[in-house]
Amino acid sequence: MTTGAILLVGAVARLRDAGIDDPARDARILLAHAFGVERSRLTLVMHDDVTPDQADAFERAIEARVARQPVVQIVGQRAFYGRDFIVTSDVLDPRPDTELLVDLALSAPFKTVLDLGTGSGCILLSLLAERPDVRGQGVDLSAKALAVARRNAAQLGVQARVSFHEGSWFAPVGAARFDLIVSNPPYITQNEMSTLSPEVREWEPHMALTPGGDGLDAYRIIVQAAPAHLAPGGRLLLEIGHLQASDVMDLCRAAGFSTVAVHQDLAGKDRVVAASGVSGE
Ligand code: GLN
């Protein structure tokens, strides 16, 4: 028999050899996952004998991490805006930066919301969980992403107030109008893609990260079409790359939005463009 403590020593060495940034941290998270315990309880069970199932689960987790699969995908859940979301390699890992977009959305009333490129559904489903009187629709090009979003809707108990549609941006929603349109579209430039870590580049969905080229193509499509899908007084909230504020704000003004503002994330970087004040025609 062996113990978690003994397995941990070997695992940390393997992760270090694989070039993992913080091998001790990752090994502990993955051991807690294999044991099915909270990380805070790991020390209490570390010296117990491990079962063959636990040892197998830990071995599979370490092999995945050596192959640079992100910890979040191995563990399968990420906390976002105070709730747990299922995360697989079919969806973008919800980022803390994106919580700013949720905060801004909640700063004014709305009854209907559309999320373009919903991925895990983290933005849309957080909004529905926070506002029990709101109904929402989520669109994504990826059927596999939508399957994850549906599981998240069920996990959060908001499935009765949401519908998901496979397709490109506004195409699946017809002529419908919304009080709020949100999106965290792919915005990384073609050139930046090669600078990303293997965890992001090789394991997160390419189409969720970049539209190619200058990174602005998704904004060109969304912003131009948004006015025809906003109800009177409606708002558009877009997450942006931190160098894209002026380009995206220009697109918003060109599309007829009269109030356009940029908001900074906790690191002080430009992160969300908010646009409102179109006639709705
Ligand atoms: N809406 C999801 C998120 O914010 C997915 C975004 C995306 O895939 N680009 O995490």
Side-chain angles (χ1 to χ4, degrees), residues 70 72-73 76-106 113-130 136-153 155-156 158 162-170 172-173 178 180-190 192-193 196 199-213 215-223 226 236-242 244 248 263 265 269 271-274:
V72 61
Q73 288 183 14
Q77 300 267 344
R78 164 75 77 199
F80 178 85
Y81 216 82
R83 296 177 183 84
D84 280 340
F85 286 83
I86 297 159
V87 175
T88 72
S89 56
D90 293 317
V91 298
L92 198 74
D93 178 13
R95 308 301 207 258
D97 298 339
T98 304
E99 294 180 334
L100 170 65
L101 196 156
V102 176
D103 274 334
L104 291 166
L106 294 171
V113 54
L114 172 66
D115 181 14
L116 298 172
T118 197
S120 64
C122 64
I123 299 173
L124 176 65
L125 300 173
S126 296
L127 295 174
L128 296 184
E130 292 288 328
Q137 299 191 33
V139 171
D140 207 289
L141 211 45
S142 161
K144 288 179 171 176
L146 290 174
V148 175
R150 286 193 180 95
R151 289 169 64 202
N152 279 320
Q155 179 163 290
L156 295 180
V158 300
V162 68
S163 60
F164 291 107
H165 313 281
E166 185 182 342
S168 178
W169 307 124
F170 291 100
V173 302
F178 301 84
L180 177 66
I181 297 172
V182 293
S183 185
N184 175 20
Y187 56 68
I188 296 170
T189 67
Q190 187 64 48
E192 278 170 328
M193 283 300 286
L196 301 179
E199 280 82 354
V200 175
R201 207 177 52 236
E202 290 165 22
W203 287 95
E204 295 205 64
H206 188 268
M207 78 157 114
L209 293 167
T210 179
L216 294 170
D217 277 356
Y219 301 110
R220 292 187 178 102
I221 298 168
I222 293 171
V223 170
L236 172 66
L237 293 173
L238 298 169
E239 180 165 327
I240 57 162
H242 69 282
Q244 293 170 323
V248 174
H263 299 264
D265 62 22
K269 293 185 169 179
R271 189 56 63 195
V272 174
V273 166

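Not measured: the values here are computed from a predicted model. Order of listing sets the numbers, starting from 1, for every ligand and every atom in it.
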Could you tell me the residue and atom name of the protein heavy atom closest to atom 5 (C) of ligand 1, and the distance to it rounded to 0.1 Å? Gly117 O, 3.4 Å
After noting the C-alpha distance and the side-chain angles of Leu196 and Glu192, does the key distance pass the side chain to side chain contact (heavy atoms under 4.5 Å, CB included) rule? CA-CA 7 Å; Leu196 301 179; Glu192 278 170 328; 5.7 Å; no
Decide yes or no for Tyr81 and Asp103: does some side-chain heavy atom of the first lie under 4.5 Å from some side-chain heavy atom of the second? yes
Note: ligand 1 atoms sitting under 4.0 Å from heavy atoms of Ile123 are 1 (N), 4 (O)
Would you say CZ of Arg151 has more than 12 non-hydrogen atoms from neighbouring residues, nucleotides or ligands within 6.0 angstrom? no
Considering heavy atoms of the protein only, find what lies nearest to atom 6 (C) of ligand 1 and give residue, atom and distance to 0.1 Å. Asn184 O, 3.1 Å
Thr118 N/O to ligand 1 N/O under 3.5 Å: yes
Closest non-hydrogen protein atom to atom 8 (O) of ligand 1, residue and atom name please, with distance? Ala208 CB, 3.2 Å
Does a side-chain heavy-atom distance below 4.5 Å link Leu238 with Tyr187? no
Should Thr98 be counted as touching ligand 1, given the test is an N or O pair under 3.5 Å? no
Sub-4.0 Å atoms of ligand 1 with respect to non-hydrogen atoms of Cys122: 3 (C), 4 (O), 10 (O)
Matching residue for Val272 among Val182, Thr98, Asp97, Leu100 - test: side chain to side chain contact (heavy atoms under 4.5 Å, CB included): Leu100
d(Leu127 CG, Leu180 CG) to nearest 0.5 Å is 6.5 Å
